[in-house]
Amino acid sequence: MPETPRREHLLKVGVSGVRGVVGEFLTPSIAAAFAQAFGTYVGGGRVVVGRDTRASGEMLTHAVSCGLLAAGCDVVQVGVLPTPSIQVYVAATRARGGLAITASHNPPEYNALKLFNAQGLFFNNYERAELVDLYHQRTFRDARNDEIGGVTVERRDAARPHLERVLARVDAARIRARRFRVALDAVNGAGSLVTPHFLREDLGCDVEAIAVDPTQPFPRVAEPRPEVLGDLSDLVRRTRADIGFAQDPDGDRLAVADETGRVLDSDDVLALAVDVTLPHLPGDVVVNLTTSDVIDDVARRHGRQVHRTPVGEAHVVDGMLAVEAAIGGEGSNGGIILPAVHLCRDSYTGMALLLDRMAETGQTLSALAATLPGYTRRSGVVPFEHGRLGAAMQALDAAFPDARTDRTDGLKLRLPAGWIHVRASNTEPLLRISTEARDAATARMLFDRVGQLLG
Ligand code: MG
């Protein structure tokens with residue numbers, strides 16, 4: 001499978017903001033112009049700017065700050081900070097909005113701007129469409145000399161408002177009393193400093209950490225998929241840890257290893273978080289279309305419904321707002337969203353919920369995971385080509401005439417034996433294929449069949 005995406009896709013203005021390869025497509029001038037459009041859109045005032053640890057982060061902080069100042073904003077730079085912490089900080093300090101300079105789980109040569117409104121929420125489709133129009137029309141506000149504001153560098157612990165909200169959702173004293181041994185892989189990302197401190201000081205854990213140097217490059221693939229977390233598994237086994245956590249570079253995604261070093265499927269991690277949360281909070285569950293049916297099984301235990309949205313945090317958050325959900329997320333990529341903390345994907349909430357469950361029950365993580373119904377999922381990608389998507393979807397539809405279809409995001413086919421979901425990635429020029437069934441053979445059969453049909 002080719003690793004090099006087609007060039008015309010390398011700058012993407014999408015649901016997650018603006019994203020591209022730095023130096024080729026995402027340049028300082030584009031970042032400054034986009035930030036000036038953002039500053040115009042929010043109407044001046046204080047705007048928070050934070051970043052992950054990518055090499056281009058410092059440069060883009062300057063570019064983005066420049067664009068915001070040009071639009072008449074005051075800039076609050078919080079430096080290297082996890083994305084959920086930036087989002088809570090925006091809301092807690094009543095800023096007009098925020099920008100996180102991070103390409104999240106994408107490779108290190110990428111960078112991107114994630115856009116937040118005054119509530120610290122991802123821009124919704126409506127806000128984003130208006131902003132993108134403004135960007136293309138270049139109708140920016142140009143502050144006059146006497147209107148130009150300044151830059152404040154926040155030197156206190158800007159993660160604190162976020163972490164306090166997480167701690168309020170769990171019995172921190174009960175977790176501290178257990179003195180869990182926790183292995184951590186922060187991928188040298190934005191969690192490098194915040195996460196060890198959170199686990200040690202706030203939750204009383206004995207932390208064994210790798211990849212917690214924010215000055216160094218990512219030592220593994222940025223997306224915390226099970227197959228790239230061998231070092232974390234080894235660390236868990238070598239240090240006899242109770243649990244292992246891996247974050248992505250901006251600290252919103254979480255992967256979890258049990259005490260044997262086995263990395264759990266991220267759908268199962270979300271299912272455990274849902275199971276912990278529903279007894280304590282009213283409301284349904286919202287997940288994306290690629291998330292496992294295990295969530296439906298767990299929600300049913302608590303008499304709740306599951307609602308599905310297109311893939312992408314902004315879509316899930318919109319869905320959660322619409323039904324006032326108790327919890328939500330994207331199982332397929334390690335995203336847990338607990339509105340009682342903040343309506344954002346948050347690895348810190350995930351860590352705290354799992355440790356709290358282990359403290360409450362006295363059970364190991366593998367024992368807790370074993371209580372979940374078993375499903376097998378398969379996923380993969382094929383390169384996306386212009387003009388090919390419509391025909392491919394029709395071929396799929398025709399090949400499974402008995403399936404219930406959902407076209408909210410690509411094509412989801414629900415069959416008696418399981419489901420198939422094929423969609424174009426929001427962030428990369430790829431088609432993503434996922435299948436799920438109760439047994440491995442059926443999941444593989446469905447996956448292979450789709451692979452053949454899509455060539
Ligand atoms: Mg991320």
Side-chain angles (χ1 to χ4, degrees), residues 12 14-20 22 26 49-57 60 78 80-90 98-116 120-123 159 162 166 184-195 198 211-212 214 217-226 228-229 232 245-256 266 269-270 273 288 290-291 311-317 328-338 341-351 425-428 432:
K12 210 152 162 104
V15 69
S16 318
V18 54
R19 175 182 310 256
V22 176
L26 181 54
V49 177
R51 65 179 177 94
D52 70 14
T53 55
R54 272 161 226 270
S56 59
L60 290 173
V78 293
V80 171
L81 200 66
T83 291
S85 304
I86 295 171
Q87 293 184 251
V88 174
Y89 187 86
V90 167
L99 288 151
I101 300 165
T102 171
S104 191
H105 59 288
N106 287 150
E109 65 273 20
Y110 280 74
N111 218 330
L113 305 178
K114 288 185 174 179
L115 318 169
F116 310 122
L121 305 181
F122 262 98
F123 266 37
H162 168 217
V166 175
L184 170 69
D185 170 356
V187 71
N188 292 334
S192 293
L193 302 179
V194 172
T195 314
F198 173 65
V212 287
F218 308 152
R220 59 158 163 88
V221 171
E223 186 173 1
R225 297 191 303 260
V228 303
L229 298 179
L232 178 71
F245 294 127
Q247 294 176 292
D248 77 336
D250 71 324
D252 58 349
R253 297 185 183 209
L254 178 69
V256 181
S266 52
V269 174
L270 178 59
N288 71 27
T290 301
T291 299
V311 174
E313 179 180 353
H315 294 299
V316 177
V317 165
E330 297 192 278
S332 47
N333 59 29
I336 296 168
I337 304 172
L338 187 66
V341 172
H342 194 73
L343 262 169
C344 69
R345 178 157 55 200
D346 181 9
S347 65
Y348 295 87
T349 294
M351 291 186 244
S425 163
N426 283 338
T427 53
E428 291 164 278
R432 296 191 181 280

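For reference, positions follow the sequence shown, starting with 1. Both ligands and their constituent atoms are indexed starting at 1 by order of listing.
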Check all N, O or S atoms of D248 and name the one closest to the Mg ion (ligand 1). OD2
Closer than 3.5 angstrom, by distance alone: can the side chain of Q87 be matched with the main-chain N or O of G120 as a donor-acceptor pair? yes
What N/O/S atom of D250 is the closest to the Mg ion (ligand 1)? OD1
Can you tell me if an N/O/S atom from S104 lies under 2.8 Å from the Mg ion (ligand 1)? yes
Tell me, which N, O or S atom in D252 is closest to the Mg ion (ligand 1)? OD1
Identify the two heavy atoms, one from A222 and one from H105, that lie closest to each other, and give their separation to 0.1 Å. CB-O, 3.3 Å
For the student: nearest non-hydrogen atoms of T291 and G331, plus distance: OG1-N, 3.0 Å
For the residue pair S56 / N111, report whether a side-chain donor-acceptor contact shorter than 3.5 Å exists. yes
